[in-house]
Structure formats: structure tokens, C-alpha cells
Amino acid sequence: MKKKRLITSALPYVNNVPHLGNIIGCVLSADVYARYCRAAGYETLYICATDEYGTATENKAREEGLSPKEICDKYHAIHQEIYQYFNISFDFFGRTSHPEHIEVTQAIFSDLDKAGLVLEQETEQTYCEVDQMFLADRYVEGTCPHCGYEGARGDQCDRCGKLLQPTELKNPKCQVCGNPPVLKKTKHLYLDLPSLESRLSEFHQRSSIQGKWAHNAITTTQGWIERGIQPRPITRDLKWGVPVPKAGFQNKVFYVWFDAPIGYISATKSGYPDTWKDWWFDPEGTQLYQFMAKDNIPFHTVVFPASLIGSGQNWTLLHHIASTEYLNYEGGKFSKSRSLGIFGTDLKELDIPIDLWRFYLLFNRPERSDSNFSWDGFLEDINSNFIDNIGNLLNRVLVFYQKNYGQPLDGAIPASQVGFLDQVKELGATALGLMDQVQIKDGLKTILAMGRLGNKYFHDSEPWKGIKEDPEKTKEILVALIYLLHDLGQLLSPYMPQTAEEILGMLGQKKRGLTGLGDWSSLAGAQLPAPAILFQKLEKKRIDSFKDRFSGKRELVEEGPDPFAAWAKVEIKVGKIIHIEPHPEADRLYVEKIDLGEDQPRTLVSGLKAYYSAEELLGRKVLVASNLKPALLRGVWSQGMVLAVEKRKRLEVVDLKEAEIGEVAFLEGESPNRALPEIELDTFFAAQIRVKDHRFEIEGRGLSLAFGPLKSVEISEGKVG
RNA sequence: GGCGAAGUAGCUCAGUUGGUUAGAGCGUACGACUCAUAAUCGUAAGGUCGCGAGUUCAACUCUCGCCUUCGCUACCA
């Protein structure tokens, strides 16, 4: 009896519109596997849902002036539409805002609570009375209790890497205002992961071997555990979430990381209220395959299994984890805010058959390392690797057969073709094996190899000659090629479902599943419809036009990281360091008082300690970026930035002996920028000030002061910052 | 600066526990064929497997250092 296969893809966060990278990482990969499993005769269930709770949704709702629920309705529909367009064969696509989700989450919580694994730390949490807010862990700093490092954050120590709770810190300080926070009583609940450690590690050892986890899943999980398993808080002070069913916690909700994975279960319950337990309470008979991108690994290998194991119920646990790396876009990251890359919502208007997208993404699935989408690659992969190979083989075989032999298909298995057909069967078996191991990309490559085998056989057999000399033998060759196309079509069905049906349709067949490979009896006497072109090839011109549209060039046009535009907002003044001392709280920083010719000297913080002694800097006239937004550096506000030339690991702070204090730098041929509004650091760097041949310049145009061009002494070439 | 991942043919990627001349597809060149969507088939060129040491009889594979890229993060500002 074959085990059932329960397949999930990571729950997409509801108000992120998925891009191609998201789609190949989770939903599409899982879809191929689910389709494979069904076709191979496994009882299969493929579940997904939108993850809807949490701060991000609350914020988005505020922005758009809607309720969280309305936001979720809106974005859930967008997800649904995109996945439908992609032909994703969910058995059920749910939502964590469904009532079942509250039931299941609360039930698991109650089980954990009964098992004594919920620590009701009626903790006092750090609360800043000055800022009147509870401080998130990382906003508290202090001395690490493990290594004594003074700059440890409340969630983790950067020196020793240990995970911390803010209350463990000695001498805690609010990172916002620098005042010591008080401890204010607030009750939160924690999942007692340390108590589950031995059961977890037993699960890891078993499952990672049996389920053949990918390399990145194993290393990531190990790394996570080595860093130390701590009790993790599972409640938060929010409104939009699953209410905590426990006295004293009614006004809190569960932390999303706790409830989101439970969405797999609750979605199954929403879709299959009567049979969901057959899947989720059946570890013996059901194998759980979970698909996700690499950033989601620890939640599926540690946190979620811990919740289920700890509940004491007989849950179905993770069997195989299929974690992909990232897909980049033309060498960079996808970015919704910068309109960089292709998003699910863009696809329809591009009007490229969806199976071609599926083909490209699956053929370039980032299995071992990050991979890269490029339009040139897209064009080549579609045209050369798919259409020229498979599309053309289908066409040449069918056209040749029908032109010469008409109808119906003469279906007996010709003895002369057994050798060739064995090769076909062997490739088919290889492809099936790869698919079963979730080697999705290699499976597809094997199918293409089958196409190449067919093309080669056609060519080597020279049927255009044979038709004159030995029509009967030639017919056998063509029939064998049609058999190949049949298996190829069946094998392609998980990858390109619509295309597979079209291929099979042209053979007068229907999709029969992958168990029928090598069984060609149904082809005997089949009526063949007139051959049609499977896909027109993509035109380079058309693809090139998409390049401009999505390659972020519009970013250049619209936002323009034009250095000169940025420079127009930057003010650089000459200042004299009149006082300098080490930063009391930092190893690498100085705190300086700098006279910029203003009413008051300014306080600046600079990371120059590793390069200069205080004496060397005292009295120097230096360049200061003077209209930067003040920044808090370890408790001291820095009102500007001392500029230095940087090359590799060398640094030079130019000493401008001849300059006047308060003088403003200008671009040659222009007047100085004065009295400008505050800018972000990013804007400053967008001006891309550099040093070349000792000259300060922007894109080749020099910077000057009244006495002459700005020059460096020690470092001839480098960046200024 | 810290942590993590990565660096293999022009491009996209494979390379299992170290073991003969490092692979595939695409692209390129040349040739063949002509049934087919100028598709197909063959041959070839093309890599000091980021750089430098070390361990070993033997290193793309192990160790150390360095360089570069990407991500996260910070006492970069």
C-alpha cells in the first residue's frame, strides 16, 4: 500500500504580491510534485493558504484606510487569481482568517499548555517610561551575561552569538533614548523549546535521513540548533490575530510564527471538514512534503514540529523538506517598491502562454544555489530548449505520418523498434525516479533528453528516403516516434499540464497518468487530428520590449540615482575638530565637537578610532556632510558625518589647512550648496563622491573650495564617505 | 566591522564519501540533412574548477589565509 502524500507550499503573506521567485520557490514547485504524485497513483492532497495575521497587515490596513479583514479579502483574491492563472492545482487554498484556524491553533495551544510546555512567564518586560512603550527585544541593549560584551542587544549578543532575552542583560538601556528601561509587568506565554530538545533531535535524525532533506535544510537546521534553543514567546500585544484562550491573556493574540504553520492544518480542515484527520493524524500512512524558500527552513524543521510534537497528539510530521534558493531578476533582487522584476499581476498583460512560464521557471529552478532570471535566457530556453526540441519533434512526426499514412494510426508494436523503445522506456523511468525524489529540474531535463533522442532517431532513420524504398519499415519508425511522444506527453503533464494535454490530444489520447508509460495499446487505431503548431516561437523584438519595461530602467528614468541630482541636495562644509574623545560606550567610535562656523559647535560621532589617534585628529580642518539627518550611534546623536577617503582597508581624513571654517564645497563651475534641508544618508551616497588621482570628484567633475580643488594626500583613489 | 552563503566553459547550471583525459544544455565555428516552426543531426573550439599556501601517493572536492559577489546585521553615518 502506497503511503499518502500530503503536500504543502509555504503560506504566502497575504499583502505581498508574489513575484516569479516566490512562485517557483513554493507554489509552482509544490504543484509539479502534487501533479506528479496524483499521476503516479499516490493518494495526494495539496494544501496552501494565505497567512493573514500580524503587524504588517495592520499597518497596511491603516495605510489604505481599510480594516485588516478587508485588506486580507482584497489581497487573498489577488493571490487566488495569480495562482489560478499559473494553473496551480491546489486541492484547497485557504486563509488563516478562517474560523477553523482559530479552532486548530487554540487546540494545539491547549494541548501544549496541558503538557506543561507553555511557560506562563508573567515576566516583567522592559518598558521605557520616557518613550512610553514596551521595547522590542532588539531595542534594549546592555552587557551580555555570557561573554560580558557591553553592546549586546536584547535578542542576541553580537559578540558571542547567543540568543538572549532583554531581561538577561546587565545594565539595560533603551536604544531609542538611552535611558534605562523599567520592568513593567506584562504577561506573555512562551513555548518551552528546551524541554522538547531531545524529542526534536530524534525527529531530525529520523526525518532528515528518511525524507532525504536537501543540503541547505540540514545545515540551516543544525545552525539554528547550535545557536541555542530558547523558550520562544508565542503571544503578542496586537489585535489582528488568533486570540489566546487563556485567562489573563484575552487581550493578546498569538505570534504569527506560532499560528502561521498551523495554517496548513486548519486550511485542510476548512476544505475537508470530515477527512482532514486522515491526513494530519496519520504519521504511519502519510508522508508530509513541504515546499518553501530557504528563509523558511527553521520554522518547518524546528518550530512547527516542536509545536506538534509537544502537543502530545499523533500528528503527521515533516517527511521531506523541499527548500529552494532564491531566483534573482537580471542579476538583482526582485523589488516591488522599485517595480523591479516580474510579479504575478504583470503576467496576464504579457500574454505569453502560462506553460512557457512554467517551463522556464522549472527549468531554472534554484535548487542548489541562487539562479537568475534574464529575458535573454528566457527567450533562448523557450525557443531552443523547448520549442525547437519538443514542439518541432511533435510537428515533424505527425505531419510526416499523416501525409504519408493517413488514418487511423497503425498501432501494433513493431518488432524492429524494440531497441529504440527500450531507450524511451529507460528515459521515462529515469524521469519518474527523479520526480519522485523531488529532483524537479533534473526530471524536466530528462524529458528534454527524450525529445532529443526522438529528433536524433528521426534524423538517423532518414524516413524521407525510406518512404520511397521501404514504406512499411518507415511506418514502424514513425509509429515508434509517436509512442515516444505519448510517453513524453504523459511525463510533461506535471510540468506543463495544458501543453501535455494538447500533445496527447494530437495523438488522439487523453492524459492517463504516469503509470501508463510504456503501455501503448491505446494508440492502436487512434484517430489523429490534424497536426497543429504547439507554440509559436517567441520573437526577440517582443521580448526586448519587455526588457525595457521590467528591467528597472524605469527606475533610472523616474527616480534617477543621478549623482548630480543627489549632489544638489548635499551640503559639505569645512569644520575644525575642537574637541575629541573616545565614545564612552563604543570601541571604535570617537565623539567630536566640530566648529563649522555656526553659533554652536556640533557633536559628531565617527568610526575613526581604528585609523587615527585622538591627537592626530584634534585641530584638523575636515570635510563634514553637514545637512545629514542626525543619527543615534550608541546613545550619542551625531549631527553630521566626517568625510574620509576610503580604499580597501585604508582611510584618510583630509586635513584642509588652507580652508576657512564654515566654507562650503562646490562643484567646479557652480556655486556652493547652502542652507539645504536635511537629507538621508542614502541621498548623500547617491551623489557618489569619489577620489581619483587625488582629486575629489563626481562623475569626472571636480569639487573645490575657495582656495582651489579638493585633494587627498595619501590615498589617490577611493570612495568618499 | 561581524555572521552566513556563494565564486566550475561566452551564458544557465551538474559535479555523490578526495581517485584515470572536469560534465550537460544553450550559444559560437565548420560540416551534413531537408520530413519539420531556417527546425534537426554530427564534429570542433572553449575551463591553471576565484587567488595563494598546506595536508595527501592523489585536491574542483579537506585545512588555513586572501580577493570578489550576495544576503543578514552592526559601534559605517
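Model, not experiment: these values are computed from the prediction. So you know, we letter chains A, B, ... as the sequences are listed, proteins then strands, and number each from 1.
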- Can you pull the salt bridge (Lys or Arg N to Asp or Glu O under 4.0 Å) pairs that have at least one residue in residues 451-460 of chain A, sequence neighbours excluded? A:Lys456-A:Asp460

- Task: Classify the nucleic acid contact of A:Leu534 as base, sugar-phosphate or nothing, counting any heavy atom under 4.0 Å across all strands shown.
- Result: base

- Task: Could you check whether A:Leu628 gets within reach of a base, just the sugar-phosphate, or nothing at all, counting any heavy atom under 4.0 Å?
- Result: sugar-phosphate

- Query: Does A:Lys445 make a side-chain N or O approach to OP1 or OP2 of B:C13 shorter than 4.0 Å?
  - Reply: no

- Query: What distance, rounded to whole Å, do you find between the two C1' atoms, one in B:U69 and one in B:G50?
  - Reply: 11 Å

- Item | A:Lys441 side chain, from C-beta outward: closest of B:C75, B:C41, B:C13 | B:C13

- Just call it for A:Asn372: base, sugar-phosphate, or nothing, with non-hydrogen atoms closer than 4.0 Å on any strand. sugar-phosphate

- Item | Charged N-O contact under 4.0 Å between A:Glu680 and A:Lys629 | yes

- Choosing from B:A32, B:G1, B:G25, which nucleotide comes nearest the side chain of A:Arg588? B:G1

- Are A:Ser606 and B:C76 close enough that a side-chain N or O sits under 4.0 Å from OP1 or OP2? no

- Given atom CD1 of A:Ile297 and atom P of B:C72, what is their separation to the nearest angstrom? 16 Å

- Query: What nucleic acid atoms does A:Lys629 come within less than 4.0 Å of, heavy atoms only: base, sugar-phosphate, or nothing?
  - Reply: nothing

- Message: Taking B:G18 as the reference, what is the distance to B:C33 when you measure between their P atoms (whole Å, please)?
- Response: 50 Å

- Query: Once you round it to whole Å, what is the distance between C1' of B:C13 and CZ of A:Phe373?
  - Reply: 17 Å

- Message: Would you measure the distance from the C1' atom in B:A59 across to the matching atom in B:G15 and give it in whole Å?
- Response: 14 Å

- Task: Would you please confirm or rule out a distance under 4.0 Å between OP1 or OP2 of B:A39 and any side-chain N or O of A:Lys537?
- Result: yes

- Any side-chain N or O of A:Ser371 under 4.0 Å from OP1/OP2 of B:U12? no

- Heavy atoms under 4.0 Å, any strand shown: does A:Tyr326 hit a base, just sugar-phosphate, or nothing? nothing

- Query: Counting side-chain heavy atoms from C-beta on, which of B:C41, B:C75, B:A39 comes nearest to A:Leu589?
  - Reply: B:C75

- Query: Considering only heavy atoms and no angle criterion, is a donor-acceptor pair shorter than 3.5 Å present between the side chain of A:Arg396 and the base of B:C35?
  - Reply: yes

- Task: Would you classify A:Gly391 as touching base, sugar-phosphate or nothing, given that sugar-phosphate means primed atoms plus P, OP1 and OP2, and contacts are heavy atoms under 4.0 Å?
- Result: base

- Which whole number of Å gives the distance between the P atom of B:U37 and that of B:C70? 46 Å

- Message: As a test of reading the structure: which of B:A36, B:C35, B:U34 is closest to the side chain of A:Lys465, going by heavy atoms?
- Response: B:U34

- Task: Measure the acute angle between the ring planes of A:Phe458 and A:Phe400, then classify it against the limits of 30° and 60° as parallel, tilted or perpendicular.
- Result: perpendicular

- Task: For B:C67 versus B:C51, give the span between their C1' atoms, rounded off to a whole number of Å.
- Result: 7 Å

- Stacking of A:Trp464 on B:C35 base (centres under 5.5 Å, planes under 30°): yes

- Query: Taking N and O atoms by type only, does the side chain of A:Asp587 place a donor or acceptor under 3.5 Å from a partner on the base of B:C75?
  - Reply: yes

- Carboxylate-amine/guanidinium contact A:Glu539 A:Lys541, below 4.0 Å: no

- What is the nucleic acid contact for A:Phe535, judged by heavy atoms within less than 4.0 Å: base, sugar-phosphate only, or nothing? base

- Note on the structure: Of the candidates B:C41, B:C26, B:C76, the side chain of A:Lys456 sits closest to B:C41

- Heavy-atom pair with the smallest gap, counting every atom of A:Leu596 and A:Gly575: CD2-CA, 3.5 Å

Would you give me the side-chain donor-acceptor pairs under 3.5 Å for residues 464-472 of chain A, sequence neighbours excluded?
from     : atom 1 : to       : atom 2 : distance (Å)
A:Lys465 : NZ     : A:Glu462 : OE2    : 3.3
A:Asp470 : OD1    : A:Lys473 : N      : 3.2

- Query: A:Asp295 CG to B:G4 P: how many Å, rounded?
  - Reply: 18 Å

- Task: Return the 5'-most residue of the pair A:Asn389, A:Val399 with respect to RNA chain B, ranking by each residue's nearest nucleotide.
- Result: A:Val399

- Message: Taking the P atom in each of B:C26 and B:U20, what is the distance between them to the nearest angstrom?
- Response: 26 Å

- Using atom CD1 of A:Ile503 as one end and atom P of B:A36 as the other, report the distance to the nearest whole Å. 20 Å

- Item | Distance, nearest 0.5 Å, that separates CZ of A:Phe378 from CZ of A:Phe373 | 5.5 Å

- Provide the distance between the two C1' atoms, one in B:C57 and one in B:A44, to the nearest whole Å. 36 Å

- Task: For B:G46 and B:A22, measure between their C1' atoms and round to the nearest Å.
- Result: 14 Å

- Message: Take N1-N3 plus N6-O4 or O6-N4 for Watson-Crick, N1-O2 plus O6-N3 for G-U, both under 3.5 Å. Which runs of 3 or more such pairs involve RNA chain B?
- Response: B:1-7 with B:67-73, B:10-13 with B:23-26, B:28-32 with B:40-44, B:50-54 with B:62-66

- Task: Would you tell me if any nitrogen or oxygen in the side chain of A:Arg634 comes within less than 4.0 Å of OP1 or OP2 on B:C75?
- Result: yes

- Message: A side-chain contact here means heavy atoms from C-beta on lying under 4.5 Å apart; do A:Leu710 and A:Val654 qualify?
- Response: no

- Task: Take A:Thr603 and A:Lys593 through the test side-chain hydrogen bond (donor to acceptor under 3.5 Å, both in side chains) and record every step on the way to the result.
- Result: CA-CA 5 Å; A:Thr603 302; A:Lys593 293 253 186 285; 3.2 Å; yes

- Task: Select base, sugar-phosphate, or nothing to describe what A:Val642 touches, counting heavy atoms under 4.0 Å on all strands.
- Result: nothing

- Within a reach of under 6.0 Å around CD of A:Glu714, are more than 12 heavy atoms found that belong to other residues, nucleotides or ligands? yes

- What's the closest nucleotide to the A:Asn395 side chain, out of B:C41, B:U37, B:C75? B:U37

- Task: Round to a whole Å and report the spacing from CG of A:Leu327 to C1' of B:U12.
- Result: 12 Å

